[in-house]
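Input: a single structure, listed below in structure tokens.
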There are 2 protein chains.
Amino acid sequence: MEKVNKELNLSVIKAFKILEVYLNGKEVWGVRELAKKTGYNKTTTYRLLSTLESLDIVQKNDDDKYILGLKLFELGNLVSVYKSLRTFSRVPLEVIAKDIKETVHFGVLKNNQVLYLNKAESELGLKVSTQIGSYQQAYCTALGKVLLAFSSANVISDYLRNVSLEAFTSKTITTSKDLLIELEQVKTKGYALDMEELELGLICIAIPVFNKNKEVVAGVSVSGPSSRFKSENITSYLSIIKKGALEIEAHIRDYN
Amino acid sequence: MEKVNKELNLSVIKAFKILEVYLNGKEVWGVRELAKKTGYNKTTTYRLLSTLESLDIVQKNDDDKYILGLKLFELGNLVSVYKSLRTFSRVPLEVIAKDIKETVHFGVLKNNQVLYLNKAESELGLKVSTQIGSYQQAYCTALGKVLLAFSSANVISDYLRNVSLEAFTSKTITTSKDLLIELEQVKTKGYALDMEELELGLICIAIPVFNKNKEVVAGVSVSGPSSRFKSENITSYLSIIKKGALEIEAHIRDYN
DNA sequence: AAAATTGTTTCATAATACGAAACACTGTTT
DNA sequence: AAACAGTGTTTCGTATTATGAAACAATTTT
């Protein structure tokens with residue numbers, strides 16, 4: 001999305017830039033709104049939207065505003081990357097979310113970042129604004145820390161060489177030394193916590209998901225508001241999450 | 001996808017035509033294969049793929065072949081159309097599939113067709129080549145017949161006026177008169193069967209999913225090979241499917 | 001080794017995308 | 001009621017970009 005040079009198709013880039021506006025969570029956009037958000041001329045935007053509408057990639061609602069369409073949903077379901085992980089995590093995640101009444105995530109370490117493959121929300125809990133398929137920093141999320149902690153020393157040193165530990169909050173770990181200590185503790189305890197390191201008010205707890213060779217493949221995390229978090233909850237949270245993780249592990253023994 | 005006229009953006013159309021090739025289920029395509037399949041010049045195809053790759057809409061594997069990429073997965077997950085139905089059907093569908101050991105579908109009637117919103121496959125059962133998000137004829141599928149049978153007379157007469165009942169197999173219902181009789185029976189019995197009407201060798205059984213006003217919202221179907229189907233199975237199949245449908249109904253009482 | 005197949009690059013030009021301006025419509029303010 | 005503000009849609013001249021034939025590079029098959 002940054003390799004904008006002259007041999008790439010500019011119309012196609014523009015069309016996807018428009019679709020990417022929807023990543024912010026707002027479901028309904030007008031032509032002029034999208035033009036303003038993307039910086040494109042409104043006639044260009046209108047024409048691209050008309051094209052996308054003809055393809056059912058976007059749909060118009062009764063107010064002539066645009067929402068994403070079913071063809072995009074259909075195409076999105078064809079993506080085979082991490083397909084087995086996504087499939088096998090689906091039900092366990094929903095079960096954990098229902099049990100624990102908070103938002104549950106499942107993700108992997110990819111390109112030195114957490115990639116969220118699945119998410120299940122409780123009807124009761126805090127809605128967290130992560131998108132399935134999106135990336136987040138590893139060093140300040142419980143999920144990321146658990147994935148790093150159980151990775152090889154190569155992965156960790158590559159990570160520390162390439163990622164700058166910028167602060168999100170006053171509680172964010174911002175030195176390699178502190179992060180290494182934290183990862184060592186995570187590895188010892190078998191789980192990680194994010195105590196408002198990514199976002200003030202947000203607490204996460206995460207555990208690893210292993211293949212049969214005890215290599216970490218993925219992680220499961222539970223996110224909730226700090227106001228609902230108590231140290232006494234950790235043990236019961238962990239046992240619920242662990243049960244779900246074991247369910248996933250039963251299906252991914254050969255994953256590498 | 002048929003309104004090709006001069007004010008639509010032809011590059012964007014071409015890019016999505018390329019992506020649509022993946023709908024046939026093959027996950028890995030080379031440049032020349034895609035060019036041949038779409039009919040576009042191979043240089044054009046290569047350039048569009050390079051653009052899509054820069055957007056992470058497609059990814060190249062080690063053999064320089066293309067697979068669909070994670071950004072498409074991310075965008076697909078943003079689609080809000082039928083979102084609650086998709087969410088609430090997910091776990092019940094997986095439970096049915098595990099129980100019944102066949103492929104399970106969940107769909108709605110849209111534009112006089114079945115739109116598949118969810119699908120769950122058993123590890124053991126027949127893999128059916130439907131795509132989530134895709135459409136199928138209603139008159140020759142159990143799911144479609146159950147959706148029609150419990151719809152209003154207006155919906156049914158509109159359907160019969162606009163859809164031509166073409167034969168898929170020698171067992172397909174091809175007259176309005178026969179279809180109306182079938183739909184009456186479906187409504188009386190409370191479930192529908194597709195006895196090789198869509199595809200020889202394929203049997204489906206389906207039941208409706210209602211909202212609190214007893215309006216049909218969606219349907220659940222189970223598909224299996226005719227070799228495994230026995231009349232004695234119907235009752236036990238129905239009770240398993242019904243249990244899943246009730247789970248879904250508990251969440252969609254207000255859906256209309 | 002030669003032929004066939006693949007993916008990638010080059011270059012001239014035809015075609016298309018672009019955007020300013022106008023239009024049409026709806027809702028709000030004076 | 002008229003004026004204004006906001007929206008989505010259309011028009012038209014032209015600048016820009018997309019196109020495709022051909023060549024090149026690499027790999028696989030015969």
Side-chain angles (χ1 to χ4, degrees), chain A residues 1-22 24 26-69 72 80-81, chain B residues 1-22 24 26-69 72 80-81:
Chain A
M1 209 54 163
E2 283 151 9
K3 291 190 348 182
V4 180
N5 66 50
K6 66 188 298 193
E7 71 257 30
L8 297 182
N9 188 300
L10 298 181
S11 292
V12 172
I13 288 176
K14 284 193 175 80
F16 279 100
K17 272 261 195 229
I18 288 171
L19 295 177
E20 278 197 328
V21 171
Y22 287 84
N24 88 343
K26 186 168 181 288
E27 295 173 355
V28 184
W29 292 80
V31 174
R32 286 176 188 238
E33 278 187 286
L34 286 167
K36 186 173 178 188
K37 192 75 181 179
T38 53
Y40 300 143
N41 176 277
K42 76 173 164 66
T43 308
T44 299
T45 306
Y46 174 76
R47 253 194 317 255
L48 287 169
L49 285 166
S50 294
T51 302
L52 293 171
E53 192 194 353
S54 78
L55 297 165
D56 206 28
I57 298 294
V58 299
Q59 293 174 8
K60 252 202 299 201
N61 70 10
D62 293 340
D63 303 319
D64 290 332
K65 310 284 172 144
Y66 293 90
I67 59 176
L68 297 180
L72 190 58
S80 54
V81 187
Chain B
M1 210 50 165
E2 283 150 6
K3 294 194 336 186
V4 179
N5 65 51
K6 64 190 297 192
E7 72 256 32
L8 298 181
N9 188 301
L10 297 180
S11 292
V12 172
I13 288 177
K14 283 192 175 79
F16 279 100
K17 273 262 194 224
I18 288 171
L19 296 177
E20 278 197 328
V21 170
Y22 287 83
N24 88 345
K26 185 169 181 283
E27 294 174 356
V28 184
W29 292 80
V31 175
R32 287 178 183 240
E33 278 187 286
L34 286 167
K36 186 173 177 186
K37 191 74 180 179
T38 52
Y40 301 143
N41 176 278
K42 74 173 164 70
T43 308
T44 299
T45 305
Y46 174 76
R47 254 192 320 253
L48 287 170
L49 285 166
S50 294
T51 302
L52 293 171
E53 190 193 357
S54 79
L55 298 166
D56 207 28
I57 297 294
V58 299
Q59 291 174 10
K60 254 205 294 203
N61 70 10
D62 293 338
D63 304 318
D64 291 332
K65 310 281 175 152
Y66 293 90
I67 59 176
L68 297 179
L72 190 56
S80 55
V81 187

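Everything numeric here is computed off the predicted structure, so don't read it as measured data. Just so it is clear: chains get the letters A, B, ... in the order the sequence lines come, proteins before strands, and each one is counted from 1.
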Spatial distance of atom CG (Leu8(B)) from atom CD (Glu53(A)) [nearest 0.5 Å]: 9.5 Å
Upstream residue (5' side of DNA chain D) when Ser11(A) and Ser50(A) are each assigned their closest nucleotide: Ser50(A)
Close side-chain approach of Thr44(B) and Lys14(B), heavy atoms under 4.5 Å: yes
Residue-phosphate contact under 4.0 Å: Lys60(B) side-chain N/O, dT8(C) OP1/OP2: yes
From Asp63(A), Ile67(A), Asp62(A), residue fulfilling side chain to side chain contact (heavy atoms under 4.5 Å, CB included) relative to Lys65(A): Asp63(A)
CD1-OG1 distance between Ile18(B) and Thr45(B), expressed to the nearest 0.5 angstrom: 5.0 Å
Ring centres under 6.0 angstrom apart (Tyr46(B), Tyr40(B)): no
Distance in angstrom units between Ile13(A) CD1 and dT16(D) P, rounded: 18 Å
Exam field: side chain Ser80(B) to backbone Glu27(A), donor-acceptor pair closer than 3.5 Å: no
From CZ (Arg47(A)) to CG (Leu49(A)), nearest 0.5 Å: 11.5 Å
Interatomic distance, Lys36(B) NZ vs dG7(C) P [rounded to whole Å]: 13 Å
Distance, rounded to the nearest Å, where Asn9(B) contributes CG and dT19(D) contributes P: 9 Å
base_contact_polar (dG7(C) base, Arg32(B) side chain, donor-acceptor, <3.5 Å): yes
Nearest listed nucleotide, side chain of Leu10(A), among dA18(D), dT9(D), dC18(C): dA18(D)
Spacing between Leu49(B) atom CG and dT8(C) atom C1', to the nearest angstrom: 12 Å
Nucleotide dG6(D), atom C1' - distance to NZ of Lys65(A) in whole Å: 9 Å
Interatomic distance, Trp29(A) CH2 vs dG8(D) C1' [rounded to whole Å]: 17 Å
Rounded interatomic separation in angstrom, taking CD from Glu7(A) and C1' from dT8(C): 11 Å
DNA chain D contacts made by residues 37-48 of chain B, counting heavy atoms under 4.0 Å: Asn41(B), Lys42(B), Thr43(B), Thr44(B), Arg47(B)
Expected output: side-chain Glu33(B) to main-chain Gly30(B) donor-acceptor under 3.5 Å: yes
Evaluation steps, ring pair (Phe, Tyr, Trp, His ring centres under 6.0 Å), between Tyr66(A) and Tyr22(A): CA-CA 10 Å; Tyr66(A) 293 90; Tyr22(A) 287 84; 8.8 Å; no
Between dT7(D) (C1') and Asp62(A) (CG): distance, integer Å: 16 Å
Inter-axis angle, terminal five-pair segments of the helix from dA1(C)-dT30(D) to dT30(C)-dA1(D) [nearest 10°]: 30°
